Asks: 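Questions regarding the structure given below will be posed in turn.
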Amino acid sequence: MRFRFCGDLDCPDWVLAEISTLAKISSVKLKLICAQVLRDLLGDAIEYEKILKLTSDAKLESGDVKATIAVLSFILSSAAKHNVDSESLSSELQQLGLPKEHASGLCRSYEEKQSSLQDSLRACSLRLSQLGSVRWRVDYTLSSSELREVNEPLVHLVFNLRDGERGGMAAVPIAISADKFRVLLAELKQAQALMNTLL
Amino acid sequence: MCGIAGKSSCLPVLWKNTALSQENPVLQSAAVGELGRLAVELLRRGAAPRACEAAARKLNIGADTVQHGVEGLTYLLTESSKLMISEIDFQDSIHVLGFSDELNKLLLQLYLDNRKEIRSILSELAPKLPSYHSLEWRLDVQLASRSLRQQIKPAVTLKLHLNQDEDQIAQVLQTDPSTLLHLIQQLEQALGEMKTNHCRRIVRNMK
């Protein structure tokens with residue numbers, strides 16, 4: 001059976017297995033656990049003790065609690081990844097065996113946070129490096145060991161790059177003459193115009 | 001014949017070790033018990049000089065003697081576990097040391113009790129290639145470059161995260177879709193090899 005929230009593939013076996021664990025928790029508590037899992041997916045700290053308290057009524061073992069969090073993380077992030085609307089998600093979860101109230105509670109939490117989830121997923125997509133900031137300085141060369149009167153402007157640029165691999169900042173310094181700098185600026189303006197046609 | 005291959009340097013050390021040559025059988029078994037415990041701890045966690053000093057005080061012998069005894073026993077245990085020698089071979093090997101039967105039995109018991117654990121520790125010492133951790137990917141389309149406008153050039157960028165000796169390294173790769181399809185095809189062929197008769201025969205025999 002192909003599910004949209006799994007990217008038009010079969011649902012993974014472990015997700016199927018844990019649906020019955022989700023059904024053991026009351027639908028109200030499930031909605032609160034969803035809120036915690038969404039906080040974790042959006043980058044805030046998860047409050048594990050609250051989740052433990054919410055699952056204590058259902059008498060879940062610690063392995064089951066972790067499995068619940070994992071299954072909810074998968075369902076919510078996968079649905080956001082494939083841009084599934086909340087009604088389709090609800091019907092697909094019911095097809096997997098999740099009771100109606102649980103599915104609708106889950107999907108209501110999902111709907112509230114769908115666009116923020118997608119924004120945060122977009123932000124952590126693969127990115128090789130990122131420009132942090134640019135600093136510049138214009139100098140005027142008066143004279144050098146090669147020529148007594150040089151009298152030329154010189155531009156110093158420092159690009160601060162956020163290195164995708166290790167997450168540190170790397171500084172790349174460049175010194176350009178005025179002519180080359182004009183060429184660089186013209187080309188970059190052309191690239192910017194092209195980008196604007198796409199936005 | 002000595003089943004413990006060639007390296008007979010440990011055997012004279014053990015033989016000269018006065019801790020194990022105690023005449024009193026009670027002291028002997030206490031010494032073997034203590035040294036055996038220290039030897040296994042050395043293999044699990046590394047050197048523990050204070051534990052050796054404590055044992056020396058308890059057994060009333062020099063700390064150096066305890067140290068040498070522990071090292072000798074460690075060597076005996078690792079070589080025997082490495083080669084997975086049978087009980088009879090082990091007994092024949094330590095017979096040359098001329099210890100009492102009691103002591104030989106204690107050493108054999110020490111070997112048999114700890115053999116499995118020592119083998120699992122030794123298996124972690126083998127050199128390892130970098131192993132897969134995760135894969136991030138991105139699909140881009142190049143629309144224009146400085147030299148050419150109005151292009152459509154799709155490209156897939158991959159970042160392969162690998163684990164190597166507790167470090168994480170990342171490798172960035174880029175490919176066009178047709179090479180990616182070829183890559184997928186090759187990998188699926190490799191997986192399919194497991195189902196051939198040749199591989200199945202080998203897997204069956206290994207089990």
Side-chain angles (χ1 to χ4, degrees), chain A residues 6-10 12 14 40-41 43 70 73-74 77-78 80-83 117-131 157 159 161-170 172 174 176 179-199, chain B residues 128-195 200 203:
Chain A
C6 299
D8 291 328
L9 295 170
D10 291 328
W14 66 274
D40 176 49
L41 290 172
S73 290
F74 175 80
S77 60
S78 192
K81 188 199 290 194
H82 299 287
N83 204 19
L117 248 182
Q118 287 178 323
D119 285 337
S120 105
L121 289 172
R122 189 173 298 129
C124 66
S125 291
L126 174 60
R127 195 125 179 211
L128 294 174
S129 66
Q130 219 170 346
L131 183 62
L157 290 169
F159 296 103
L161 293 178
R162 196 165 304 126
D163 185 8
E165 316 249 333
R166 262 146 295 233
M169 295 289 284
V172 182
I174 307 180
I176 325 182
D179 287 332
K180 269 234 146 66
F181 184 69
R182 268 184 221 113
V183 173
L184 176 67
L185 192 60
E187 297 289 339
L188 287 176
K189 280 186 176 164
Q190 287 182 24
Q192 186 188 36
L194 268 168
M195 278 171 76
N196 285 335
T197 62
L198 293 166
L199 281 171
Chain B
K128 273 193 252 199
L129 289 171
S131 65
Y132 173 80
H133 181 256
S134 62
L135 180 73
E136 288 180 87
W137 59 267
R138 190 177 82 192
L139 175 65
D140 294 320
V141 175
Q142 182 173 302
L143 298 170
S145 69
R146 188 181 172 207
S147 2
L148 185 65
R149 306 298 151 86
Q150 314 277 36
Q151 296 176 27
I152 296 187
K153 206 162 115 174
V156 178
T157 309
L158 303 161
K159 192 164 174 189
L160 186 61
H161 292 266
L162 302 167
N163 281 331
Q164 182 166 37
D165 305 326
E166 282 122 27
D167 276 330
Q168 274 224 12
I169 51 179
Q171 183 84 343
V172 177
L173 307 160
Q174 201 173 48
T175 173
D176 57 279
S178 46
T179 311
L180 183 64
L181 282 173
H182 178 69
L183 187 70
I184 294 173
Q185 204 182 40
Q186 291 296 311
L187 290 173
E188 285 182 342
Q189 267 184 20
L191 270 180
E193 275 298 308
M194 279 298 290
K195 301 203 178 94
R200 280 199 230 204
V203 169

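Chain letters run A, B, ... following the sequence lines, proteins first and then strands; every chain starts at 1. Bear in mind the structure is a predicted one, so any value in this text is a computation, not a measurement. Atoms considered below: every heavy atom in the structure, side chains included; atoms not considered: hydrogens, waters and symmetry mates.
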Asks: If contact means a heavy atom pair closer than 4.5 Å, which residues of residues 132-151 of chain B contact chain A?
Replies: B/Glu136, B/Trp137, B/Arg138, B/Leu143, B/Ala144, B/Arg146, B/Arg149
Asks: Identify the two heavy atoms, one from B/Leu158 and one from A/Leu126, that lie closest to each other, and give their separation to 0.1 Å.
Replies: C-CD2, 4.2 Å
Asks: Could you tabulate the donor-acceptor pairs under 3.5 Å formed by side-chain atoms of residues 191-199 of chain A, not counting sequence neighbours?
Replies:
{"from": "A/Asn196", "atom 1": "ND2", "to": "A/Gln192", "atom 2": "O", "distance (Å)": "3.4"}
{"from": "A/Thr197", "atom 1": "OG1", "to": "A/Leu194", "atom 2": "O", "distance (Å)": "2.5"}

Asks: Keeping to residues at least two apart or across chains, list the side chain to side chain donor-acceptor pair (under 3.5 Å) pairs with something in residues 117-126 of chain A.
Replies: A/Asn83-A/Gln118, A/Asp119-A/Arg122
Asks: How would you list, in number order, the residues of residues 176-192 of chain B that have a heavy atom less than 4.5 Å from chain A?
Replies: none
